[in-house]
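Hydrogens, waters and symmetry mates are skipped; everything else that's a heavy atom, side chains included, is used. Atoms within each ligand, like the ligands themselves, are counted from 1 in listed order.
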Amino acid sequence: MKRRDLLLMVLQAGAILTLPKPLQFFASEKKNALLTEVTGGGNPLRFPPLFNNGGIMTLAQSTVQVWPSQNTQVIAINGSYPGPTVRIQKGQTLIVNFFNNLNEEATVHWHGLIVPESMDGHPKDAIMPQSSYTYTYTVLQRAGTYFYHSHAHHLTAKHVFKGFAGFFIVTDPAENFNLPSGNYDVPLCIQDHRISDIPNFNYAPGTDEMHWGYLGDTVLVNGTPDAYLEVSRTLYRFRLVNGSNARVYKIAFSDNSPFNIIATDGGLKDAPVQATQLMLSPGERVEILFDFSSYSINQSVTLQSLAFSHGGTLPYKQGIPLGIIRFDVVNNISSGGEIPASFNAINYYNSNEVVNTRVFTLSMVSQAPFHRINDLTFDMKRIDWQTPQLALEKWRIINATQDFHPMHVHGVLWQVLSRNGNTNLPPCDKGWKDTVLVNPTETVEVLVRFNDYRGIYLFHCHNLEHEDDGMMLNFRVTEPIGIKQISSGVPAEFKLHQNYPNPFNPATKIRFDITSVESVRVVSARLIVYDITGKEAAVLYDGTLKPGEFEVEWNASSFPSGVYFCKLITGSFTQTIKMILAK
Ligand code: C2O
Ligand code: CU
Ligand code: CU
């Protein structure tokens, strides 16, 4: 396609989509008079327009009014700052025709989404100025609050600071649990800016700001300064995204009211956990339920970041107290939502099954590049290690510095195992995660297993100044140890063959066929061994496969003699074989 044709497509699409105004207001303007009397102003919380499963995203410089009656130059998508909110159901396919109308390179990274390498927005796959790329993938993972943002080489921090980020919400009707929905399900993207720069989003970090990160002293929520939201005396679901470059928030309500933590980065926890505060570092998400029914009409409560101490020395520091958003209670309508006693169980990895431990030491040196992982700085063309698919690994992250490092991984969701050896973790650590805050001088261990895609992914600090400075490594997910592809012809049907030899001692081979399902290029498959009591004995495969014939070996040397069942599960197809271990 010629460039002129592309531009034409953008223009036409702009006309067809008739995008809503860049900034949409949630609260009705009429009530402002009353609210001003009660609480004294602010700006109603804004919500970006919705983006459905397919369409055009055009990245360009735009002028929007972040502060009333003042123009701010931002980097917007389809004229919207923050970018449009992707809301997509698990199992559906996203198609984004992305146009880079900036005069520098750009990529879109779908933070927390498990997607093929070519869709991950790695800086090596940058989209050149005035060029386009189609991002398309099927959302295979759990429902949850994710987000997307720039990942361009050395430009990520600037792009995000200037507005290139948006929500990515995955829904799943099977995970409804009668939670508050619609207007009572509110995404909040928290970012800090500088009062002295109003109305501009200036981004020019000095050397010290590359050390500690680019911090501000005022918070925008969904791009709204001094945000407030009119609420009802009922239960709400808030999806908090820390979209800041470097700031860590200590989240709490101004009256110290308790809330329920219901989700971490990768979706719902196994059960709600009550808390009065939590730490949220850049790249992390958390969902909470908050009940306004104990407030009376015309009362307000503010979500804040509490003060904490930190070693930074700059005028803009971590740990300063900040207001985030004010909630003004205005009516009695019920959301109909409730706080469930529990959600679906989470299968926590068993650290006894770890096959490999990797150690990452985070350090800061006095010469640029300052931030290092195992004394390395990012090299786009270097692969720093290889991890086989399906192997459970323990990653020990040692923070040898006095600063925070929110460490993030692509291509997988992981589980936090311990902090300084302590496995008794705060609620925000327990569940599926992709970013973990490693506090000054702390050691954090995570358990990680790549089930889905092979290819090159990133491990980096989500303090975006640290990331752009090179605190990032490439790794490659390789063939799983133990599964072999026997043929890549497309078999006629799903089939699990009888294992051989059978009876066996101690190892046996299991073959299975994966056929293609209409319009799906990858099929998710699980091959599980159960003992006679129905207890899971081994996971032989858990991930996605392209159609073909496969063989897996099960070495049962540590299992007692007896009857075992091996079950293949792919979508609605399941088949079970009986195997006899005779020692
Ligand atoms: Cu949200 Cu590689 O980042
Ligand atoms: Cu990411
Ligand atoms: Cu860092």
Decide, yes or no, whether a salt bridge links R358 with E445 under the criterion of side-chain N to carboxylate O below 4.0 Å. no
Taking the six-membered ring of Y214 (Phe, Tyr or Trp), confirm whether the NZ or CZ of R194 is under 6.0 Å from its centre and within 45° of its axis. yes
With sequence neighbours excluded, tell me which residues meet ring-ring contact (aromatic ring centres under 6.0 Å, His included) with H154. none
Ion pair check, E353 and K394, cut-off under 4.0 Å: no
Exercise: do E393 and T387 side chains pair donor with acceptor under 3.5 Å: yes
Is the shortest heavy-atom distance from the side chain of Q141 to the side chain of L413 under 4.5 Å? yes
What protein N/O/S atoms are found closer than 2.8 Å to the Cu ion (ligand 3)? H405 ND1, C461 SG, H466 ND1
For D172, enumerate each residue passing the side chain to side chain contact (heavy atoms under 4.5 Å, CB included) test, keeping only those at least two apart in sequence or located in another chain. K90, A143, A174, E175
What residue among T63, L220, I75 forms side-chain contact (heavy atoms from CB on, under 4.5 Å) with Y81? L220
Can you list, by chain and residue number, the protein N, O or S atoms under 2.8 Å from atom 1 (Cu) of ligand 1? H111 ND1, H149 NE2, H462 NE2
Measure up the H371 and H466 rings against each other and bin them: parallel (under 30°), tilted (30 to 60°), perpendicular (over 60°). parallel
